[in-house]
Every structure is written in C-alpha cells, then in structure tokens.
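None of the values given here were measured: they were computed from a predicted structure.
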Amino acid sequence: MASLTSSLSSLSLHSHTSSAASSSRFSLLPASKFTFSLAAARSRTLTLAVAKANPSDDIDTSFFDNVNPEEEVPFNPPEPPEGFVAPPSFDEGPMETEDEIAAAYEELYGPAYSGVSVLGNDIYVMDSKIKRDTGFGSKAKKEKVKDGFEERVVQVRRVTKVVKGGKQLRFRAVVVVGDKKGQVGVGVGKAKEVIAAVQKSAVNARRNIITVPLTKYLTFPHRADGDYGAAKVMLRPASPGTGVIAGGAVRIVLEMAGVENALGKQLGSNNALNNARATVTAVLKMKQFREVAEERGIPMEELWK
C-alpha cells in the first residue's frame, strides 16, 4: 500500500513538472505574467458585465414618471417683439427679370451662365428661344470655313474600283479655291458621297496654295507655258479691258486667282484635272520684274535696254 501511494505521488509530481515545463516551453511569456494578465482580463470582463446589468444612478428619470403620453399638450408660441413686421410671402413679391436671374446664376456657377464666356464670346444657352432663333441643337448643315477663300467645283465624276467582291462606286471631285487676290490652289478628293468628296477636295486644295505673280493691271508679267501629263496650257498677258479669254479648267483657275486680263489656251488633252494642274505649273514659272532684276544684280530700268 505504501509503495502504491509513493508511486502515485511521484506520478502526479512528474506530470505536474512536465506540464509546467511544456507550458513554459511553448509560451512566449513567463507563467506568472500570463496568469496575472488572464486574471486581469477576467476581472475587467466581470466589471463590464456588472455595469451593464446595473445602470448608473446618475441619470435623472423622474421627469418621465409624471408625463402622460396620451395627454394633449397645448402649443403656446412666444409673442412677437414690438415693431415686428412679418416678411412678405414668396408668391407676393415681384417677378425677377432675366438680368437678375442671369446675375444670380453667374454668382453661383460662374460667368458661363450669364451668356458671355470668360473670353468674351457668346455661348449657346440651351433654351427654347435660342433653339428657335439659331437652330442650335438641331442637325443643321455645318457652316463653311471662313478663311477668305472661295470654292469652285471644276468636275465631279463617278469612278469605280474593282475588288475581289465586285466593284466599288465612288465620286471624285476636282475643286479650285482662291481668294481672288493672287492665291489659288487645286485639289482632288474621293468619297462615297458627292458632298464628302467636295469637302475632301477643298481641304486638299487649301494644302496646295500657290501665289500668282500679277501686275497692276491684274495680268501676268510675261508669257509662260506649262504641261502636266498629256495636257499643255499656254498663258499670255493681255491689255486692260481684255478680260479672261480661256476655257475649261484654265478659266476657273485664273478667275479664282484674281486675274482679270489674260489669254489662255488648252493644247492637247481635255482632262480637267490635268489642265488645272498644267495651269498651276505655268504660273509657277512666272517671275516678277523685281525678282529678275535682283537675280541679275541690275536696276529694273535696265531690263528693257
């Protein structure tokens, strides 16, 4: 019996020491600190539970004990002070003018709502009056570019392109632009619609602007010939009052350039595009008298000697 008691006591001691060693081995904090923190957490939780169970007696709730929720309480507003004048109703005042409304919008949202932008330009106010007067917001045609150049359509042709699936039908337009002050350009463009083709050719013509040398009688300083492909053009100056004696694309190019007295002749092909470009080639060969004098290094009076 004594031996059994001693073995049990040694077994309990061994298990106690082994559990303590294992706890100290796998814990990051010492056993005494861990026990203290656990006890503090338990005491704090117990304190919060007691506080929730027993609300504080500092709040005075005696007022609500004498109030009957079903009792009707009369409303007694305070008396107005002496000399008090009630403000007018919202509907009784005069109607605001458009300037006052615009000023109010400008004060709130900036100068754009007043009808004038920051740069001083008028803006489109989206109301029925502006839509009715100017057609703003509708699918109206776009205005042409106002850069001082006029446009003349020389030719519009239907052209086809043979592809694997068949033929593609398009339109080719030849347009001449000029300011009638010595600048002219020839352009060509293709599109599926005539209007689009004309617009593209006008843009192309503005990219190929040249300057035509003119005298004070609005004619050429001298004669010149030009060719483009199979088309050949002959240009000659004319006396005042002669007018533009030419035909086809040559006449259109000279008129858009501002020439009023000149002679022109198409020699060879009747292709409108080639004749227009041949006219441009002939004009590029011309020079003013002062340019020739500067190249030779002599005064202009010596040119005719």
Once you round to the nearest 0.5 Å, how far does NZ of K161 lie from NZ of K190? 8.5 Å

If we check salt bridge (charged side-chain N to carboxylate O under 4.0 Å, His left out) with D225, which of these qualifies: R236, K265, K232? R236

Salt bridge between R206 and E151, side-chain N to carboxylate O under 4.0 Å? yes

With a 4.5 Å heavy-atom cut-off, do R157 and V174 have their side chains touching? no

Whether D227 side chain and A278 backbone form a donor-acceptor pair below 3.5 Å: no

Is there a donor-acceptor pair closer than 3.5 Å between any side-chain N or O of K167 and the backbone N or O of V162? no

In one Ile/Leu/Val/Met/Phe/Trp/Tyr side-chain cluster, 4.5 Å: F171, V188: no

In this structure, would V212 and M234 fall into the same cluster of hydrophobic residues linked by side-chain contacts under 4.5 Å? no

Taking the basic N atoms (NZ, or NE/NH1/NH2) and the acidic carboxylate oxygens, is any pair closer than 4.0 Å for R170 and E193? no

Within the 4.5 Å heavy-atom criterion, are R158 and L169 side-chain neighbours or not? yes

Check: L235 and L254 side chains under 4.5 Å, non-hydrogen atoms: yes

For the residue pair F149 and Q183, establish whether any side-chain heavy-atom pair is separated by less than 4.5 Å. yes

How far does CZ of F220 sit from OG1 of T215, to the nearest 0.5 angstrom? 9.5 Å

Stepwise side-chain contact (heavy atoms from CB on, under 4.5 Å) check, V259 with L218: CA-CA 5 Å; V259 180; L218 298 179; over 6 Å; no

Would you say the side chain of V184 lies within less than 4.5 Å of the side chain of V176, judging by non-hydrogen atoms? yes

Could you walk me through whether L303 and F289 pass the side-chain contact (heavy atoms from CB on, under 4.5 Å) test, one step at a time? CA-CA 8 Å; L303 292 177; F289 296 127; 4.1 Å; yes

Atom of N275, atom of A249 and distance for their closest heavy-atom approach: CB-CB, 4.4 Å

Rounded to the nearest 0.5 Å, what separates atom CZ in R251 from atom OG1 in T279? 13.0 Å

Side-chain heavy atoms nearer than 4.5 Å, only ILVMFWY residues, links allowed to pass through others: does that put M286 and M256 together? yes

Closer than 4.0 angstrom, basic N to acidic O: yes or no for E255 and K180? no

Of the non-hydrogen atoms in A282 and G226, which two are nearest, and what is the gap between them? CB-N, 3.6 Å

Measure across A276 and V253 and return the closest heavy-atom pair with its distance rounded to 0.1 Å. CB-CG2, 4.1 Å

Considering only heavy atoms from C-beta outward, does the side chain of I210 approach that of L284 to under 4.5 Å? yes

Using modelled atom types only, decide if a donor and an acceptor are shared between the side chain of D179 and the backbone of G148 within a distance under 3.5 Å. no

Does N204 offer a backbone N or O that forms a donor-acceptor pair with the side chain of N208 under 3.5 Å? yes

For Q266 and S269 the tightest heavy-atom approach is OE1-O, 4.4 Å

Is V283 close to T281 at the side-chain level, that is, under 4.5 Å between some pair of heavy atoms? no

Find out if a path of hydrophobic residues (ILVMFWY) with successive side-chain heavy-atom gaps under 4.5 Å connects I252 to L273. yes

Donor-acceptor contact present, side-chain S201 to main-chain A197, <3.5 Å: yes

Give me the atom names and distance for the closest heavy-atom approach of A205 to I209. O-CD1, 3.6 Å

Verify same cluster id: V186, V177 (apolar side-chain graph, 4.5 Å): no

Interatomic spacing from CD in E294 to CE in M300 - rounded to 0.5 Å: 9.5 Å

Side chain N261, main chain G243, donor-acceptor under 3.5 Å: yes

Side-chain touch P237/R223, heavy atoms, less than 4.5 angstrom: yes

Distance-minimising heavy-atom pair for P213 and P221: O-CD, 3.4 Å

